[in-house]
Protein chains: 2
Amino acid sequence: MESQLSIDEVAKRTGLTAYTLRYYERIGLIAPVGRAAGGQRRYAASDMTWIEFLLRLRTTHMPIGKMQAFAKLRGAGDSTVPDRRQMLEEHLTDVLAEIEAMRQSAEALQAKIEHYRSLEQSLASDSISDEGHANEHREPLRTRTRQTA
Amino acid sequence: MESQLSIDEVAKRTGLTAYTLRYYERIGLIAPVGRAAGGQRRYAASDMTWIEFLLRLRTTHMPIGKMQAFAKLRGAGDSTVPDRRQMLEEHLTDVLAEIEAMRQSAEALQAKIEHYRSLEQSLASDSISDEGHANEHREPLRTRTRQTA
DNA sequence: CTAGAAGTTGGAGTGCGCTCTAAGTCAACA
DNA sequence: TGTTGACTTAGAGCGCACTCCAACTTCTAG
């Protein structure tokens with residue numbers, strides 16, 4: 001049974017702090033874990049599995065309120081499996097949409113970086129032919145265009 | 001010039017609220033926009049482009065503090081282009097890592113959903129052959145650990 | 001000339017997710 | 001037996017990103 005980890009060991013392994021682990025337990029995200037003499041927490045392997053799953057939910061931005069709802073269902077036994085599956089399916093839909101949104105924005109950022117790169121080229125050649133005031137581009141949006149009233 | 005939008009029109013188009021638009025201006029994320037008679041804000045096309053870019057940064061979870069730093073560089077002219085590019089490159093690295101983390105977690109969630117699906121199958125057949133108590137299955141259920149007195 | 005709608009400002013309040021403090025308990029060691 | 005130090009608890013505090021309020025000004029319609 002090396003599956004009896006102290007709170008600090010769990011913190012180290014999960015990247016959570018001891019504060020956060022206690023907080024999660026307090027708010028019902030983690031069911032009361034076993035205790036050693038003196039009331040110190042001892043985490044079993046099954047606790048670790050659950051915490052890792054919680055971290056999956058957190059990574060995918062599930063709010064704590066929903067995690068609490070999920071944890072409550074889980075505590076209520078196998079009869080809630082369909083509900084839990086539905087929750088995860090709905091969440092997964094959101095997650096996939098968010099990943100796609102981030103992917104698109106990342107692409108836009110990449111394009112902006114490229115734009116800056118070429119802008120740096122022109123600015124560099126500007127300063128060769130015209131050293132002095134390098135400030136009449138107001139905004140590096142799409143290539144050029146700068147007029148507005 | 002239909003590029004003179006009121007704050008409500010901008011709110012409608014960007015999905016931000018008027019409150020948030022003013023807040024962004026107050027904290028320097030958006031440079032002071034043009035004003036109509038009576039001091040009402042009028043957003044030009046270039047403002048819209050910038051706001052859309054800000055939304056890209058927000059979508060990719062750049063904290064407001066960094067956006068402020070970026071906006072400040074932008075306001076300081078073309079000489080800051082290399083700094084801005086570097087900021088975006090570093091941010092993009094983070095973003096790609098986050099996307100990958102989310103992708104992996106999404107996969108784990110998908111697996112969990114499949115697991116639940118098959119679990120629902122076995123629970124259903126249980127209740128055919130053994131109608132009554134459908135609650136002695138293995139899996140992410142805590143075994144023992146209750147309290148310590 | 002009002003009335004009402006829509007804006008303006010600075011500042012206060014909110015919700016989330018931790019993060020830390022204060023006071024106390026306990027086990028182990030000198 | 002006394003001290004150390006890691007742990008415990010309830011509750012307060014914090015940083016972020018908004019979100020709303022109160023009081024005021026201005027524009028438009030009737």
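Note on naming: letters A, B, ... go to the chains in the order of the sequence lines (proteins, then strands), and numbering restarts at 1 for each one. If you're wondering where the values come from, they're calculated on a predicted model, not measured in any experiment. Values reported hereafter were calculated over all heavy atoms of this structure, with side chains retained and with hydrogens, waters and symmetry mates removed.
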Please give, in whole Å, the distance from [N] [atom2] to [X] [atom1]?
X       : N      : atom1 : atom2 : value
A:Ile7  : D:dA6  : CD1   : C1'   : 11 Å
B:Glu25 : C:dG10 : CD    : C1'   : 14 Å
A:Met62 : C:dC16 : CE    : P     : 15 Å
A:Lys66 : C:dG15 : NZ    : C1'   : 16 Å
A:Ile27 : C:dC16 : CD1   : P     : 11 Å
B:Leu16 : D:dA17 : CG    : P     : 14 Å
A:Leu21 : C:dG17 : CG    : C1'   : 14 Å
A:Arg42 : C:dC26 : CZ    : C1'   : 12 Å

Next on the checklist: Mind checking if B:Ala18 touches a base, just sugar-phosphate, or nothing, with heavy atoms under 4.0 Å?
Outcome noted: nothing
Checklist entry - With nearest nucleotides of DNA chain D determined for B:Ala36 and B:His61 from heavy-atom distances, which residue corresponds to the more 5′ nucleotide? => result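 Residue closer to the 5' terminus by nearest nucleotide: B:His61.
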Checklist entry - Given that B:Ile64 and B:Gly38 both sit by DNA chain D, which one's nearest nucleotide is further toward the 5' end? => result B:Ile64
Is any side-chain nitrogen or oxygen of [X] closer than 4.0 Å to OP1 or OP2 of [N]?
X       : N      : answer
B:Arg58 : D:dC18 : yes
B:Tyr23 : D:dC20 : no
A:Arg41 : D:dA6  : no
B:Arg22 : C:dG7  : no
A:Arg35 : D:dT9  : yes

Next on the checklist: If you count every heavy atom of other residues, nucleotides or ligands that lies below 6.0 Å from B:Glu100 atom CD, does the total exceed 12?
Outcome noted: yes
Next on the checklist: For the backbone of A:Asp83 and the side chain of A:Thr80, can you confirm whether one donor and one acceptor N or O come within less than 3.5 Å of each other?
Outcome noted: no
Checklist entry - Does any N or O in the side chain of A:Glu89 come within less than 3.5 Å of the main-chain N or O of B:Ile113, such that one atom is a donor and the other an acceptor? => result no
Item to check | Name of the residue among B:His115, B:Glu114, B:Glu120 meeting side chain to side chain donor-acceptor pair (under 3.5 Å) with A:Arg85 | outcome: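 For A:Arg85, the side chain to side chain donor-acceptor pair (under 3.5 Å) check succeeds only for B:Glu120.
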Checklist entry - With no angle test and no hydrogens, is the base of C:dG11 tied to the side chain of B:Arg26 by a donor-acceptor pair under 3.5 Å? => result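 Yes, a donor-acceptor pair under 3.5 Å.
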Given [options], identify the nucleotide with an atom nearest to the side chain of [X].
X       : options                : result
B:Ala37 : D:dC27, D:dT19, C:dT19 : D:dC27
A:Gln40 : D:dT8, C:dG7, D:dC18   : D:dT8
A:Thr17 : C:dT19, D:dT8, D:dC18  : C:dT19

Checklist entry - Would B:Glu52 and B:Arg56 pass as an ion pair if we require N to O under 4.0 Å? => result no
